[in-house]
Amino acid sequence: MSNSVNPTPVEETPAYNPAVVEQKWQESWKERQTNVTDIPNARDPFYALMMFPYPSAEGLHVGNLFAFVGNDIYGRFQRLQGHNVFEPLGYDAFGIHSENYALKVGKHPMELIPQNITNFRRQLERAGLMVDWSHSLSTTDPDYYKWTQWVFLQLLKQGLAYKKHAAVNWCPSCKTVLANEQVVGGACERCDTPVEQRFLSQWFFRISDYAARLLGNLDQLDWSETTKTAQRNWIGRSEGAEIRFPVKGAAAEGPSISVFTTRPDTVFGATYMVIAPEHPMVPALTSALYKSAVDQYLSRSARQDVVTRKSNTEKTGVFTGAYAVNPATGKDIPIWISDYVLMEYGTGAIMAVPGHDERDFEFARMFGLPIARVVCGEGEDASAPLEHAFTDSERGIIVNSGPFDGMAVATAKREIVAMLEEKGAAKPVINYRLHDWCISRQRYWGPPIPIIYCDEHGAVPVPEKDLPVLLPHVDDFKPDDSGVSPLARHEAWYVVPCPECGKPSRRETDVSDTFLDSAWYFLRYPSVGIDELPFDAGLTKKWLPVDSYIGGNEHAVLHLLYSRFITMVMSDMGIIDFEEPFTRFRAHGLIIRNGAKMSKSRGNVVIPDQYIDKWGADAFRTYLMFLGPFEEGGDFRDASISGVKRFLDRLWASAAVACDSSALDRRADPDVMRKLHQTIKKVGEDIPRLSYNTAIAAMMEYMNVLRRGERTPVRAEVEPLVQLVAPFAPHVAEELWEKFGRGESVFDGGWPAYDPALVAEETFDLVVQINGKTRGKLVVPRGISQEEAVAAALAEQSVSKFLAGEPGKIVFVPGRLLNLLG
RNA sequence: GCUCGGGUGGCGAAACCGGUAGACGCGAGGGACUUAAAAUCCCUUGGGCCAAAGCCCAUGCGGGUUCGAUCCCCGCCCCGAGCACCA
């Protein structure tokens, strides 16, 4: 390796000043519109999407920037590969978050949001993102939410939107509806007031109709496994059976109660039934004797908020006085009411098998109900009383179940359902825990739901030509105790003629969920600027589905599932020709600070500006990516940012000396070139895997070779490195590319190719182990045979001394290792 | 409770298919240059024993499989995220 120290007679190499370089190139990009994608005419399009931010008043924090930079590197890399890359970015600015903040600071969101957006834009531009700002959007812009309302109308037209009464969490102090995540321990997260339950009429989307498809398609998607797993769990497919239990005696004779169970094999052990307090059969089943107790129980559970009710630790319940007949045993079993049975899942009723279900066991113990054993573990006595529920279905054998005794659980499931099916008492059923999507929000800051209520015609959709239904600027946007949106206080707004008959009617005063805004925004980006359509068919065909989507795993379920659902609906309508919106999705990690998520309340938010001021955007971008694996995130520390800056300084200095006239006639060092080509290969393989930290490490390693001993590098050694660095540190790369006189932009220069012959070393270090212990390494030719390797190893005194006599077994891994066993 | 991640030097981390554990960076120590400092460059840096050659121990803990385990299997402990009475 060349170690000649050439004192460099550098005359006037200007020092690397990131502020100057970055300003110069940001202006240049803007002026030349290099980040504006030619949407209609682009060849080889690549849609690199990142989840759009909520423009908070605090501004962009390093966690946001980490994600955006990660996406930007991927996008820039694709551009260097020759794609026409579209990297849009907008703002998810509607929603309760913005509204609450506006209430807190006493400003109107219509004034606040534009300010926040301006600040965000400024911060984002400083980071040197390759964002096409000409295709930006905000969900709060009427040109955008006009089409959000249109999406609602399409679902309505497809029969996928409907209205029903549903329970919501209500904070009597804030006088507002709360989302489940805003209820902490049964109390409002903001004021600690106990939360109540209210029933309101709300709009729902039939996403549960799509459960099977949403689940099935996951297998084909190139998505982070963690995200797919989260979606699978959320959709929650359960295979089982629906079994009918005829009702006997008491207040009602004749009808039957259907239950869903995943354990039909335990039906002989069903010793009682439980129905949800909201079950429609409750009044019919309740006998006179028990009526007051039942009524008391019902009002008690109705008062409780949704979250607390689900987290009750002790089982509660009440007997209806009615009995049902177990279709397997023919015995009468009592029917109870308890809030541990949920109306939203299955049929709202269960057969209770206390012997083999922990919840049923607990309930049976509490109320002295019989516990029967119908499944036995190995070596257990079938007649012994159960001390706790035996739930292991893998290793269970059926007992006390007549003709099914001795069967394995899996077999009994099939056989028992078949037997009941013959009697017309059961059928196999698949259930999903995915519920329909409630999109109504009794709030101000969202797109009004485009519906008009007419006394004669009912809920009439606003004609598409009348969209958007503008959100009026009202001063009193604070929610109140009425349970309806603040818009319901503005008669001048909500009284409109019915579109059908023209009679005075009333607008829907609820707005839609923010997740509806974000469930289709990726369809809009290419068509931003087109007024007459939500998305142009030709542009959509050209750019979608999204090639690469990067975002946080906190949206693994809701946003990503809703987007898939809306896309499927559009596809079924024939508006688009694909049913999955995101071909590839990668979840980035979370940047935390001092072990906790960044949030203003914790006071650990790190704002990027100060770091960009001090180190420059290039160094900060590269540093964020060097911090740890992109898909894992990590704890933010600024400890080693100096190392990254030093790397860029050395790159700058290398380019300066390589450009120097005295360096022109010198030739590249073969060893350096070999390392260069290995680095090109490594970086080119790491970036698509989002293994940015190791790509940067590889470039640093090359830098160490390039500059070892203040060696003077030549142009051929440095120039390709500038290209490799470009996705990470685009400004400095542009500057050096220009210095090399290579043209207007490094991003037009393509990606350097590596020479496979230079990448392959002709020798390698053969690790020699004796009895599994590493005893040395030998530099040997690449294609060495086992015989040659053994001979070489035995010839080495320092190695063979550990071996007594001839080797017995020989383990040879070509290209890696030799293990000799004595 | 369930489901996913994760646990490796003083610190952030690497090891891509079961094959040299700790690349790269920070920090620390030493040296060169300098009147000095900064900057830059070079060397050392997991722990222990030893004068040295060298040896031993080490990837949360305990077992197992294997010639060989950070990696696979079984049983635990700890941290993080999500879900949470889903029958």
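For NZ of A:Lys681, the number of neighbouring non-hydrogen atoms (other residues, nucleotides, ligands) closer than 6.0 Å is 12 at most. Remark: A:Arg244 CZ is loosely packed, at most 12 non-hydrogen atoms of other residues, nucleotides or ligands lying under 6.0 Å away.
The partner of B:A53, taking Watson-Crick or G-U wobble pairs whose two distances both stay under 3.5 Å, does not exist in any strand shown. Nucleotide B:A32 is matched to B:U40 when pairs are restricted to Watson-Crick or G-U wobble geometry with both distances under 3.5 angstrom. For B:A13, there is no paired nucleotide, since no Watson-Crick or G-U wobble pair has both relevant distances below 3.5 Å. Across all strands shown, B:G64 is found opposite B:C72 as a Watson-Crick or G-U wobble partner, with both distances under 3.5 Å. Partner assigned to B:U45 is B:G27, using Watson-Crick or G-U wobble distances below 3.5 angstrom. Nucleotide B:G1 forms a pair with B:C83, judged by Watson-Crick or G-U wobble geometry with both contacts under 3.5 Å.
When heavy atoms are screened at a 4.0 angstrom cut-off, A:Ser691 is found touching no nucleic acid atom at all. Note on A:Asn553: nothing from the nucleic acid sits closer than 4.0 angstrom, heavy atoms only. Here A:Leu821 lies in heavy-atom contact (under 4.0 Å) with sugar-phosphate atoms only. Among the heavy atoms of the strands lying under 4.0 Å from A:Lys682 is at least one base atom, whether or not backbone atoms are also near. Residue contacts shown for A:Arg237 are absent, as no nucleic acid heavy atom lies under 4.0 Å away. Within 4.0 Å (heavy atoms only), A:Leu627 reaches sugar-phosphate atoms of the nucleic acid but no base atom. Among the atoms of the strands shown, base atoms are found under 4.0 Å from some heavy atom of A:Asp765.
The CE atom of A:Met703 sits 12 Å away from the P atom of B:C42 (whole-angstrom rounding). In this structure, CG of A:Leu706 is placed 16 Å from C1' of B:C24, rounded to the nearest angstrom. Between the CD1 atom of A:Ile235 and the C1' atom of B:U3 there is a distance of 15 Å, given to the nearest Å. If you take CZ of A:Arg433 and C1' of B:G82, they are 12 Å apart, rounded to a whole angstrom. Distance CE (A:Met699) to P (B:A23): 19 Å, rounded to an integer number of Å. The CG-P distance, from A:Leu624 to B:A13, rounds to 14 Å in whole Å.
Look at the C1' atom in both B:C61 and B:C26: the space between them is 30 Å, to the nearest Å. Comparing B:U59 with B:U70, their P atoms are spaced 7 Å from each other, to the whole Å. Here, B:C57 and B:A69 have their P atoms 12 Å apart, quoted to the whole Å. The same atom, P, is picked in B:A84 and in B:C77; the two are 25 Å apart, to the nearest Å. B:A53 and B:G46: their P atoms are spaced 16 Å apart (whole Å). For the P atoms, the distance from B:C55 to B:C4 is 44 Å, rounded to whole Å. Taking the C1' atoms as reference points, B:G7 lies 15 Å from B:A58, given to the whole Å. Taking atom C1' on both nucleotides, B:G12 is separated from B:C50 by 34 Å, rounded to a whole Å.
Separating the CE atom in A:Met700 from the OG1 atom in A:Thr694 is a distance of 12.0 Å, to the nearest 0.5 Å.
Listed nucleotides: B:U20, B:C42, B:G25. Nearest to the side chain of A:Arg708: B:C42. Picking from B:A87, B:C67, B:C26 the nucleotide with the shortest atom distance to the side chain of A:Lys809 gives B:C67. For A:Leu342, the side-chain atoms get nearest to B:A87 when compared with the rest of B:C42, B:G25, B:A87. For A:Ser642, counting side-chain heavy atoms from C-beta on, the closest listed nucleotide (B:C24, B:G27, B:A15) is B:G27. Which of B:A87, B:G19, B:A13 sits closest to the side chain of A:Pro629 comes down to B:A13. Of the listed nucleotides (B:G19, B:C24, B:C26), B:G19 has the atom at the smallest distance from the side chain of A:Leu817. Looking at the side chain of A:Asn233, the nearest of the listed nucleotides B:U3, B:A13, B:C41 is B:U3. Of all nucleotides listed (B:A21, B:G27, B:A13), B:A21 comes nearest to the side chain of A:Thr774. You'll find that the side chain of A:Ala697 is closest to B:C24, out of B:G19, B:A84, B:C24. The listed nucleotides are B:G19, B:A14, B:C24; the one nearest the side chain of A:Gln769 is B:G19.
Look at A:Lys315 and A:Asp360 and you find no salt bridge, because none of the NZ, NE, NH1 or NH2 atoms lies under 4.0 Å from a carboxylate O. Salt bridge present: A:Arg586 and A:Asp222 bring a charged side-chain N and a carboxylate O closer than 4.0 Å. Using a cut-off of 4.0 Å between Lys/Arg side-chain N and Asp/Glu carboxylate O, A:Lys682 and A:Glu685 are scored as not salt-bridged. Salt-bridge annotation for A:Asp686 and A:Arg689: present, with a side-chain N of the basic residue lying under 4.0 Å from a carboxylate O of the acidic one. By the 4.0 Å N-to-carboxylate-O rule, A:Glu717 lies too far from A:Arg707 to be salt-bridged with it.
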Interface polar pairs with nucleotides 54-58 of chain B, N/O, under 3.5 angstrom:
unit_1: B:C55; atom_1: OP1; unit_2: A:Arg775; atom_2: NH1; d: 3.4

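For A:Lys675 and A:Tyr702, the positive end is not near the middle of the six-membered ring at less than 6.0 Å and at most 45° from its axis.
Look at B:C17: its glycosidic torsion is within 90° of 0, and that puts it in the syn range. Nucleotide B:G25 carries an anti base; the chi torsion (O4'-C1'-N9-C4 or O4'-C1'-N1-C2) is more than 90° from 0.
In this structure, a donor-acceptor pair under 3.5 Å is absent between the side chains of A:Asp339 and A:Ser301.
Comparing A:Gly633 and A:Leu434, the nucleotide of RNA chain B nearest to each residue sits closer to the 5' end for A:Gly633. When each of A:Ser640 and A:Asp360 is assigned the nucleotide of RNA chain B bearing its nearest heavy atom, the one mapping closer to the 5' terminus is A:Ser640.
Dashed line: the shortest gap from a side-chain N or O of A:Arg650 to OP1 or OP2 of B:C41 is under 4.0 Å. Under 4.0 angstrom from either OP1 or OP2 of B:U40 there lies at least one side-chain N or O belonging to A:Arg646. Phosphate proximity of B:G25 to A:Asn704: present, with a side-chain N or O under 4.0 Å from OP1 or OP2.
Between A:Phe647 and A:Phe626, the distance separating the two ring centers is not shorter than 6.0 angstrom. If you look at A:Tyr272 and A:Phe363, their ring centroids are closer than 6.0 Å.
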